[in-house]
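One structure below.
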Number of protein chains: 2
Amino acid sequence: MSLRHAILVLLQDQEASGYDLAREFANSIGLVWNATHQQIYLELGKLNDQRMVNFRHVPQEGKPDKKLYSITEEGRQELIRWLRKPAGPARIRDAFMVKVAGGELADTQTLINELELLAKQRRERLATFEALAKKLDEQGREQNLFSYLTVRRGILDQRAWLQWAEEVRQSLHTDLANASAT
Amino acid sequence: MSLRHAILVLLQDQEASGYDLAREFANSIGLVWNATHQQIYLELGKLNDQRMVNFRHVPQEGKPDKKLYSITEEGRQELIRWLRKPAGPARIRDAFMVKVAGGELADTQTLINELELLAKQRRERLATFEALAKKLDEQGREQNLFSYLTVRRGILDQRAWLQWAEEVRQSLHTDLANASAT
DNA sequence: AGTGCTTATACAACGGATTGCGCAGCGCTT
DNA sequence: AAGCGCTGCGCAATCCGTTGTATAAGCACT
């Protein structure tokens with residue numbers, strides 16, 4: 001696992017609410033990750049019980065009050081401990097790839113439609129990440145080195161997927177053409 | 001989720017034992033996925049309860065007996081149903097990327113060492129997949145279209161990671177050089 | 001003779017993750 | 001005025017996944 005460690009990494013830079021974290025998970029680290037708010041709130045609760053984070057109440061006008069969490073010294077120690085031990089292999093879970101693998105049973109047109117939808121989402125993400133990378137680069141890459149590298153990971157991942165999608169798209173179209181020729 | 005669907009996809013081609021499936025997960029679909037044998041045996045048990053697969057006992061000499069599972073008509077229907085509904089977004093869980101994101105706290109040399117280890121594993125996988133792709137291509141790509149595309153996904157994924165790793169490696173080395181120059 | 005790898009299956013326990021539900025107020029559009 | 005979407009927090013149930021343990025036989029190496 002390591003949702004807890006991902007949260008600690010994000011809190012290292014700045015204090016944040018559960019809601020903030022959920023959004024950040026959709027940007028930097030979460031390019032590639034994903035975590036729902038329920039999971040984050042739960043994990044923040046546990047981290048708080050274990051004294052790895054603490055929070056202060058911030059009343060807001062117009063919006064609900066929020067809890068701003070910060071990392072504690074104990075949290076930082078835990079992070080350092082975790083950083084020292086080897087990371088497990090990366091895991092991917094790509095349902096669409098499984099569909100392609102089972103392509104014989106699938107309806108080709110349905111697959112194509114889904115492919116286009118997913119590709120559109122990926123292209124949007126790619127644009128967001130490229131804009132972010134550019135911004136970080138202009139601000140001075142060295143100051144933001146680790147954020148910059150994280151965003152690069154996201155960019156390369158989107159590009160690789162899109163390249164694959166293009167291959168799949170062409171194969172599926174050929175497949176359709178052959179089927180209608182019969 | 002869809003470990004169950006991934007299993008059904010694999011069983012669609014041929015009957016297989018739990019052990020066989022565990023290995024196939026390390027090749028075709030599992031390039032990118034990963035599932036342990038415990039999970040697979042458990043899921044096969046459930047699929048059997050739900051009549052989506054059945055099995056026959058095969059006594060073996062020298063080796064333990066095995067159970068060869070096949071997909072049933074109900075299983076095939078379930079697969080078709082699943083193929084029709086939209087796949088969720090792909091998820092990645094890359095602990096090493098989280099470490100890079102938290103790079104300020106980490107020891108640069110430790111990160112570099114880990115990077116080299118992971119890169120070595122990726123390069124090995126890449127070689128395996130490229131060999132597999134070549135084999136499928138020679139056998140006639142159209143016969144193996146969906147397996148071929150699945151393997152391509154693995155190849156592109158490995159390459160993207162390795163390219164990223166190269167960027168990270170150079171940044172970390174620059175970082176080390178700067179630190180020692182101070 | 002002992003160690004370890006491969007084939008082969010399976011249970012138990014715990015912890016992580018997903019899904020569904022619920023509350024609450026503001027602002028914008030239709 | 002009703003509906004939708006955003007900010008913001010949370011519980012409960014269930015399901016998925018991981019880790020540890022167990023059994024069992026053959027083969028190869030030392």
Side-chain angles (χ1 to χ4, degrees), chain A residues 1-8 15-27 30 33-50 53 55-69 82 85-95 98, chain B residues 1-8 15-27 30 32-50 53-69 82 85-95 98:
Chain A
M1 75 105 214
S2 53
L3 175 58
R4 67 187 301 110
H5 299 109
I7 289 175
L8 290 174
E15 58 178 3
S17 69
Y19 195 83
D20 295 335
L21 289 172
R23 252 179 324 165
E24 276 189 74
F25 263 89
N27 291 319
W33 201 285
N34 80 324
T36 61
H37 59 115
Q38 292 91 334
Q39 252 182 87
I40 290 167
Y41 289 124
L42 195 73
E43 202 60 44
L44 281 172
K46 282 187 202 165
L47 285 169
N48 186 54
D49 293 345
Q50 292 166 33
V53 301
F55 65 89
R56 58 194 182 91
H57 247 107
V58 179
Q60 293 187 114
E61 279 171 49
K63 296 176 190 173
D65 297 356
K66 56 177 167 180
K67 295 180 179 176
L68 279 182
Y69 288 87
W82 177 75
K85 50 179 206 180
R91 289 173 303 164
I92 305 187
R93 209 132 285 213
D94 186 344
V98 177
Chain B
M1 76 101 213
S2 53
L3 175 56
R4 68 186 301 108
H5 300 110
I7 289 175
L8 290 174
E15 57 178 3
S17 68
Y19 196 84
D20 294 336
L21 290 172
R23 252 179 324 166
E24 276 190 73
F25 263 89
N27 291 318
V32 136
W33 200 286
N34 81 323
T36 62
H37 57 117
Q38 292 91 332
Q39 252 180 88
I40 290 166
Y41 287 124
L42 196 72
E43 202 60 44
L44 281 172
K46 283 186 203 164
L47 285 169
N48 187 53
D49 293 346
Q50 292 166 34
V53 301
N54 52 34
F55 64 89
R56 58 193 182 90
H57 246 106
V58 178
Q60 294 187 115
E61 281 171 47
K63 295 174 189 173
D65 297 355
K66 57 176 167 180
K67 294 179 179 177
L68 280 182
Y69 289 87
W82 176 75
K85 48 178 210 180
R91 289 173 302 163
I92 305 188
R93 209 132 285 213
D94 186 343
V98 178

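Proteins get letters first, then strands, A, B, ... in listed order; numbering begins at 1 in each.
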OH of B:Y41 versus P of C:dC11: gap in Å, rounded?
12 Å

Between B:L42 and B:Q60, just flag the one whose closest nucleotide in DNA chain C comes earlier from the 5' side.
B:Q60

N/O contacts under 3.5 Å, protein versus nucleotides 21-23 of chain C?
none

A:E15: which residues meet the side-chain contact (heavy atoms from CB on, under 4.5 Å) condition with it, sequence neighbours left out?
A:R56, A:L68, A:S70

Side chain of A:D20 (C-beta onward), nearest among D:dT18, D:dG10, D:dG8:
D:dG8

Name all residues meeting the side-chain contact (heavy atoms from CB on, under 4.5 Å) criterion together with B:Y41; count only those two or more places apart in sequence or in a different chain, and write none if there are none.
B:Y19, B:H37

Using whole Å, what does the distance between atom C1' of nucleotide C:dT18 and atom CG of B:L3 come to?
15 Å

Atom pair CD1 (B:I7) and NZ (B:K46), whose distance is rounded to the nearest 0.5 Å
10.0 Å

Terminal axis angle for the helix from C:dA1-D:dT30 to C:dT30-D:dA1, five pairs an end, nearest 10 degrees
30°

Can you measure B:I40 atom CD1 to D:dT19 atom P for me and round it to whole angstrom units?
15 Å

Among the candidates D:dC9, C:dT6, D:dT18, find the nucleotide nearest to the side-chain atoms of B:Y19.
C:dT6

What is the distance from OH of B:Y69 to C1' of C:dA10, rounded to the nearest Å?
10 Å

What is the distance from CD of B:E43 to P of D:dC15, rounded to the nearest Å?
12 Å

For B:R93 and C:dG16, what is the distance between atoms CZ and P respectively, to the nearest whole Å?
12 Å

Picking from D:dG17, D:dC9, C:dA17, which would you name as closest to the side chain of A:Q39?
C:dA17

Nearest 0.5 Å, please: how far is CD1 in A:I40 from CG in A:L47?
11.5 Å

Aromatic rings B:F55 and B:Y69: how do their planes relate, parallel, tilted or perpendicular, breaks at 30° and 60°?
tilted

Between the protein and nucleotides 24-29 of chain C, list the N/O to N/O atom pairs that are separated by less than 3.5 angstrom.
unit_1 : atom_1 : unit_2 : atom_2 : d
C:dC26 : O4'    : A:G62  : O      : 3.2

Nearest-neighbour nucleotide for the B:K46 side chain, D:dC9, D:dC16, C:dA10 considered
D:dC16

Counting N and O atoms only, with roles assigned by atom type, does the side chain of A:D20 sit under 3.5 Å from a partner on the main chain of A:S17, one being a donor and the other an acceptor?
yes

